[in-house]
Protein chains: 2
Amino acid sequence: MGRTSDAKERLIEAVIELIWTGSYGSTSVDQICERAGVKKGSFYHFFESKTELALAGIEHGWSEHRKKLDQVFSPVVPPLERIWQCFRDFTLEQGELREKHGRVLGCPIHTLGAEVSTVDEKLRQKLQDILSQFVCYYESAIRDAHAQGFIQAPDAPALARILFAYGEGLLAQARIWNDLSHLNSMELGARLILGVKS
Amino acid sequence: MGRTSDAKERLIEAVIELIWTGSYGSTSVDQICERAGVKKGSFYHFFESKTELALAGIEHGWSEHRKKLDQVFSPVVPPLERIWQCFRDFTLEQGELREKHGRVLGCPIHTLGAEVSTVDEKLRQKLQDILSQFVCYYESAIRDAHAQGFIQAPDAPALARILFAYGEGLLAQARIWNDLSHLNSMELGARLILGVKS
DNA sequence: CTTTTAATTAACCAACTGGTCAACTTTGAC
DNA sequence: GTCAAAGTTGACCAGTTGGTTAATTAAAAG
């Protein structure tokens, strides 16, 4: 069925990287095209706008990340252990990113969400949706931990949102300070929120 | 000493509002000028770049906000009460902003910080500096609360950063979801972090 | 009233923005 | 080998970007 190409995939990878290492506003279509090695005409052959590419990039990044999350939050893993492992993975990933890009980058979804939520409703919606899905992982782990008597948490959704706010807040802190060490207290803060002794 | 003008002040107010209700990247010099009722030539008479105006705007906004914080975090107020009051003020302010702009806006410093910290080092530095100052308020209140036996917190700086990450995370959540109700759990989360019963 | 200093203005700039298009090339399927 | 579907290309667009300039105007200070 005609010519084939991986330009679409290259564009998707390029847009994620550029937004993550910079911002949505500072990322231009020309820049994305150059990074992907794709001419602008091809860009608009695959995507009808910059927003649409961003949407695709976000979706792709999330569906990749979900694979890891599904492993970490496997029901066979003790519930609190899921959360600690998730946080350890965050820290690990941020370390790798810093090595690769020379900077602490934080969470791309949350950072982008804060930036564009007042500006691009379509993006906002998608980002909110993904972040809501992410909160589900916490929620489920908290519910299990409560049911198994590890913690006292009758209102799992509320506690999950609190934990989520804290985690994202800390990642943003690490990005703004450009300092990984801010993530060191990740587990400590989570223990306080969940009410488990260190 | 020549002609006088309040154009500088108008520009400073305009840039804060535009960045807060939008983003740094989505705010253009032309837009700022139009909102302030100032011609571009005048803009560059007062500020040597967009970054420089943003810097001035941030500085101004912070020095205004500090006045309120100094009252809330007055040493004569019981330490934990300072924090609860601060959170109540946050929620109140966000409500007013939503009424005025039809949207939940969150914390301008933190939102802007997440956006520009990889893009504009000068802005990043300033934002980090201001946020560090803000953490000092928490830190001092926590230290006092510890000294007065209200909480057990030997490491005040660490706990302050945790509390700060949580608060900013929650404000960002409210902005992304465009939903004030996310702030309802503000005090609850803080109580968990600080280890005080409801 | 003059001088000096500061503010205003409009016209201007090159570079870049997101986006379009018609001609062209490649390739998979028959 | 043909042919149609799919991908590529570079030239092109109008509008906007951050920023400049020189001439003009207003007013504070002597």
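The sequence lines fix the lettering, A, B, ..., with proteins before strands; numbering per chain opens at 1.
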With a 4.0 Å cut-off on N to O distance, would you call B/E13 and B/R35 a salt bridge? no

Would you name the heavy atoms of A/L163 and A/A190 that are closest together and state the gap between them? CD1-CB, 3.7 Å

Taken to the nearest whole Å, CG/A/L11 to P/D/dG7 is 12 Å

Please round to 10 degrees the angle between the axis of the first five pairs and the axis of the last five pairs in the helix from C/dC1-D/dG30 to C/dC30-D/dG1. 10°

Reported CD-to-CD1 distance for the pair B/E17 and B/I12, which is rounded to 0.5 angstrom: 14.0 Å

Please enumerate all residues that pass salt bridge (charged side-chain N to carboxylate O under 4.0 Å, His left out) together with B/D6, with sequence neighbours excluded. B/R10

Pairs of donor and acceptor atoms involving the side chains of residues 104-117 of chain A, under 3.5 Å and at least two apart or interchain, shall be tabulated with distances.
unit_1 : atom_1 : unit_2 : atom_2 : d
A/T111 : OG1    : A/C107 : O      : 2.7
A/E115 : OE1    : A/Y24  : N      : 3.0
A/E115 : OE2    : A/Y24  : N      : 3.4
A/E115 : OE2    : A/G25  : N      : 2.8
A/S117 : OG     : A/G113 : O      : 3.0

Length of the CD-P vector between B/E48 and D/dT21, whole Å: 13 Å

Look at the side-chain heavy atoms of Ile, Leu, Val, Met, Phe, Trp and Tyr, link any pair under 4.5 Å apart, and say whether B/V77 and B/F150 land in one connected group. no

Contacts of A/K40 meeting salt bridge (charged side-chain N to carboxylate O under 4.0 Å, His left out) (sequence neighbours excluded), chain-then-number -> A/D30

Passes side-chain contact (heavy atoms from CB on, under 4.5 Å), B/N178 versus A/T118? Steps please. CA-CA 9 Å; B/N178 190 25; A/T118 57; over 6 Å; no

Where along residues 20-32 of chain A does a heavy atom fall under 4.0 Å from DNA chain C? A/T27, A/S28, A/V29, A/D30

Quiz: residues 137-149 of chain B side-chain donor-acceptor pairs under 3.5 angstrom, not counting sequence neighbours:
unit_1 : atom_1 : unit_2 : atom_2 : d
B/Y137 : OH     : B/D70  : OD1    : 2.7
B/E139 : OE2    : B/R143 : NH2    : 3.1
B/D144 : OD2    : B/R82  : NH1    : 3.0
B/D144 : OD2    : B/R82  : NH2    : 3.1
B/H146 : ND1    : B/A153 : N      : 2.8
B/H146 : ND1    : B/A153 : O      : 3.4

For B/W84, check ring pair (Phe, Tyr, Trp, His ring centres under 6.0 Å) against everything at least two apart and list the hits. none

Less than 4.0 Å between a side-chain N and a carboxylate O, is that true for B/R191 and B/E187? yes

Closer than 4.0 Å, any side-chain N/O of A/S49 to the OP1 or OP2 of C/dG18? no

When you measure from the centre of the six-membered ring of B/W177, is the NZ or CZ of A/R124 under 6.0 Å away and within 45° of the axis? no

Is the shortest side-chain N/O distance from B/Y44 to OP1 or OP2 of D/dT20 below 4.0 Å? no

At under 4.0 Å between heavy atoms, how does the protein contact nucleotides 22-30 of chain D? Give one character per nucleotide, 5' to 3', with B, S or -. ---BBSSS-

With hydrophobic residues grouped by side-chain heavy-atom distances under 4.5 Å, do A/V119 and B/L18 end up in a single group? no

Start with the C-alpha distance between B/W62 and B/Q133, add both sets of side-chain angles, then the distance that settles side-chain contact (heavy atoms from CB on, under 4.5 Å), and finish with yes or no. CA-CA 10 Å; B/W62 169 240; B/Q133 287 179 50; 3.0 Å; yes

Contacts of B/E93 that satisfy salt bridge (charged side-chain N to carboxylate O under 4.0 Å, His left out) - sequence neighbours left out: none

Here the residues of residues 51-59 of chain A within 4.0 Å heavy-atom distance, strictly under, of DNA chain C are none

Rounded at 0.5 Å granularity, tell me how far CG in A/L55 sits from NZ in A/K50. 13.0 Å

Kindly state which residues belonging to residues 111-123 of chain A come within less than 4.0 angstrom of DNA chain D, counting heavy atoms of the residue only, listed by number. none

State yes or no: do A/M186 and A/L180 share one hydrophobic cluster built from I, L, V, M, F, W and Y residues joined by side-chain heavy-atom distances below 4.5 Å, directly or via other members? yes

Using the rule given for side-chain contact (heavy atoms from CB on, under 4.5 Å), can you reason through B/L53 versus B/S49, listing the C-alpha separation, both sets of side-chain angles and the distance that settles it, and then say yes or no? CA-CA 6 Å; B/L53 170 60; B/S49 68; over 6 Å; no

Every protein N/O lying under 3.5 Å from an N/O of nucleotides 9-11 of chain D:
none

Can you measure B/F46 atom CZ to C/dT9 atom P for me and round it to whole angstrom units? 11 Å

